[in-house]
There are 2 protein chains.
Amino acid sequence: MADKEISQAVIGRLPRYFRYLGDLKEKGVERISSQELSDIMKVTASQIRQDFNNFGGFGQQGYGYNVNYLYDEISKILGIDKQHSLVIIGTGHLGKAIAGYTNFTRRGFVFKGAFDCNPELYGTMIRDVEVRPIEEMEDFVKKNKIEIAVLTIPKEQAVPMAHKLVECGIKAIWNFAHVDLDVPNNIQVENVHLSDSLMKLSYNINRYENND
Amino acid sequence: MADKEISQAVIGRLPRYFRYLGDLKEKGVERISSQELSDIMKVTASQIRQDFNNFGGFGQQGYGYNVNYLYDEISKILGIDKQHSLVIIGTGHLGKAIAGYTNFTRRGFVFKGAFDCNPELYGTMIRDVEVRPIEEMEDFVKKNKIEIAVLTIPKEQAVPMAHKLVECGIKAIWNFAHVDLDVPNNIQVENVHLSDSLMKLSYNINRYENND
DNA sequence: TAGATTGTTAATCGATTAACAATC
DNA sequence: TAGATTGTTAATCGATTAACAATC
């Protein structure tokens, strides 16, 4: 039914709106204008209105936006009103850190399985989930119709693992390995390249020291 | 001396170029044209040339780019030819995961200190660094002229901690807390908001299921 | 030299901002 | 109603792509 495509620039801003609206909600704020939100978030009011209007107008002239309503609508757009099952592949510190984010559970991400290739870890528990041998991953993902795989394994293993996951019917990969995955278009990939992020930081330190 | 400002869009692409050039280097590739690199990286050759020319032409007409030279030049631009000292604040799984990235060491990021507020962790070792009480952070950062602080603590503590760090003369904060920090302009902040990233993934799963 | 490929200018595309009519 | 503030169109800005002259 192909609605007009929303740019990833807009999508990328939604979680931030969501975060601020959650804060306002907690503070008991009922309504907010694009101008007020603009002051808090340091983006233009114009951009805020344009962004929301991509999804068809959540405000009311002369009033502004109802915080609760807007919050709920954004959560629907982001799809975090539904549950998403998730497995973690690679149970090093990073895998454990992610498994431990109770926030994710609150957002509907249900931690269903954990896999590793280190036999010493088999049977150990991460939260209420048992670490299983990586060989059992394929069956598990298929049987439980897992939607999201979190890849926290070394880059050498990430590419073949991504292929396996695709074959098992995974819908999305949250990739922490320092490599770009090559998967079909219908598989969603979100990369978190920590070393890229640190290099940007390094650049900006340098830039400041040399230029300004 | 204010060279003309390079857009963050360009900077954001440099680490990825660097990654691919490193791979080519390892494979023993000596030269590469923007067109060849374009095929591998799935970006336009035009963008590649424009990006590099922001820094003043690393190639040669009729030849292309020398892989080793380009790799080195990008590493200089990113400032990873120099060493940067770094402390980790918050030694949960995430802090430990980051400390453990041997890659960072290779890129010149030197892990100098780790701090936590949990007394049970004081004195425990992360790699060759001892976990210290958070109260000792300020002295340590000042004395050792630490440049980068990695914030892997809960968001409630992140904002006051950022202020303290600024007072201690930190140059940059790598922020993993789910909150935007408000620091002076001369302090570089690079945010890694994992929950934002996961929400984008969730949106894209939804989008694909509903639209295409 | 001829062919290849950059560096760079010009054209296009998309995203952001400004402005204002619509409307609560 | 009058004032406020959205929704939306138009104007601007910046980033990407295309084209080609310069040059190795």
Side-chain angles (χ1 to χ4, degrees), chain A residues 2-17 20-21 24 29-74 77 200 203-204 207, chain B residues 2-17 20-21 24 29-74 77 200 203-204 207:
Chain A
D3 292 272
K4 74 171 182 309
E5 192 83 14
I6 312 287
S7 89
Q8 289 291 316
V10 175
I11 304 311
R13 286 191 291 266
L14 290 182
R16 189 158 178 265
Y17 289 129
Y20 277 85
L21 286 165
L24 289 166
V29 177
E30 259 183 35
R31 44 166 288 207
I32 193 154
S33 69
S34 56
Q35 189 53 58
E36 289 168 312
L37 199 53
S38 156
D39 293 338
I40 302 173
M41 293 187 64
K42 317 272 171 65
V43 295
T44 63
S46 201
Q47 181 166 75
I48 291 171
R49 294 204 297 279
Q50 286 278 21
D51 281 352
F52 293 163
N53 269 78
N54 279 297
F55 307 96
F58 301 134
Q60 200 168 76
Q61 284 100 328
Y63 172 86
Y65 299 88
N66 177 289
V67 172
N68 276 297
Y69 176 69
L70 186 55
Y71 180 89
D72 288 344
E73 287 302 311
I74 294 180
I77 295 167
K200 271 194 276 175
Y203 171 85
N204 283 318
R207 178 193 55 139
Chain B
D3 293 274
K4 74 170 182 308
E5 192 81 16
I6 311 287
S7 89
Q8 289 291 316
V10 175
I11 305 311
R13 286 192 289 267
L14 290 182
R16 188 157 178 266
Y17 289 129
Y20 277 86
L21 287 164
L24 289 166
V29 178
E30 259 183 35
R31 45 165 288 207
I32 193 155
S33 70
S34 56
Q35 188 53 58
E36 288 168 312
L37 199 52
S38 156
D39 294 337
I40 302 173
M41 293 187 64
K42 316 273 171 65
V43 295
T44 63
S46 200
Q47 181 165 76
I48 291 171
R49 295 204 299 277
Q50 286 278 22
D51 281 351
F52 293 163
N53 269 76
N54 279 297
F55 307 96
F58 302 134
Q60 200 167 77
Q61 283 101 328
Y63 171 87
Y65 299 88
N66 178 288
V67 172
N68 276 296
Y69 176 69
L70 187 54
Y71 179 88
D72 288 344
E73 286 302 310
I74 294 182
I77 294 168
K200 271 194 275 175
Y203 171 86
N204 282 319
R207 178 191 58 138

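Naming: A, B, ... by sequence-line order, numbering from 1 per chain.
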**Prompt:** Listed in order of residue number, which residues of residues 56-72 of chain B have a non-hydrogen atom at under 4.0 Å from DNA chain C?
**Reply:**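 The stretch gives B:Gly57, B:Phe58, B:Gly59, B:Gln60, B:Gln61, B:Gly62, B:Tyr63, B:Gly64, B:Tyr65 as the residues lying under 4.0 Å from the strand, ordered by number.
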**Asked** Side-chain contact, heavy-atom cut-off 4.5 Å: B:Gln50 with B:Thr44?
**Response**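 Side chain of B:Gln50 against side chain of B:Thr44, heavy atoms only: no contact under 4.5 Å found.
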**Message:** If only side-chain N and O atoms count, and only distance matters, is there a donor-acceptor pair under 3.5 Å linking A:Gln60 with A:Asn66?
**Reply:**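 The criterion, which ignores hydrogens and geometry beyond distance, is not satisfied for A:Gln60 and A:Asn66.
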**Request:** Could I get the full list of ring-ring contact (aromatic ring centres under 6.0 Å, His included) partners for B:Tyr20, not counting sequence neighbours?
**Result:**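 For B:Tyr20, no residue satisfies ring-ring contact (aromatic ring centres under 6.0 Å, His included) once neighbours in sequence are set aside.
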**Asked** Where does the chain A footprint on DNA chain D start and end, counting 5' to 3' with a 4.0 Å heavy-atom cut-off?
**Response**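 With heavy atoms of chain A under 4.0 Å away, the range is D:dA4 to D:dA10.
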Which atom names give the shortest non-hydrogen contact between [X] and [Y], and what distance separates them?
X        : Y       : result
B:Pro15  : B:Gly12 : CD-O, 3.6 Å
A:Ala45  : A:Gln35 : CB-OE1, 3.7 Å
A:Tyr203 : B:Ile77 : CD1-O, 3.2 Å
B:Phe52  : B:Tyr17 : CE2-CD1, 3.7 Å
B:Ser38  : B:Val43 : OG-O, 2.8 Å

**Request:** Can you measure from CZ (B:Arg16) to CG (B:Leu21) and round to the nearest 0.5 angstrom?
**Result:** 11.5 Å
**Between CZ on residue A:Arg207 and CD1 on residue B:Ile11, distance to nearest 0.5 Å** = 8.0 Å
**Working for side-chain contact (heavy atoms from CB on, under 4.5 Å), residues B:Ile74 and B:Phe55** = CA-CA 9 Å; B:Ile74 294 182; B:Phe55 307 96; over 6 Å; no
**Message:** With salt bridge (Lys or Arg N to Asp or Glu O under 4.0 Å) as the rule and sequence neighbours excluded, what pairs involving residues 30-53 of chain B come up?
**Reply:** B:Arg13-B:Asp51
**Request:** Could you check which residues of residues 32-48 of chain B get a heavy atom under 4.0 Å from DNA chain D? Sort them by number, please.
**Result:** B:Thr44, B:Ser46, B:Gln47
**Complete:** Writing each nucleotide of DNA chain D 5' to 3' as (, ), [, ], | or . by Watson-Crick or G-U pairing under 3.5 Å yields ..||||||||||||||||||||||
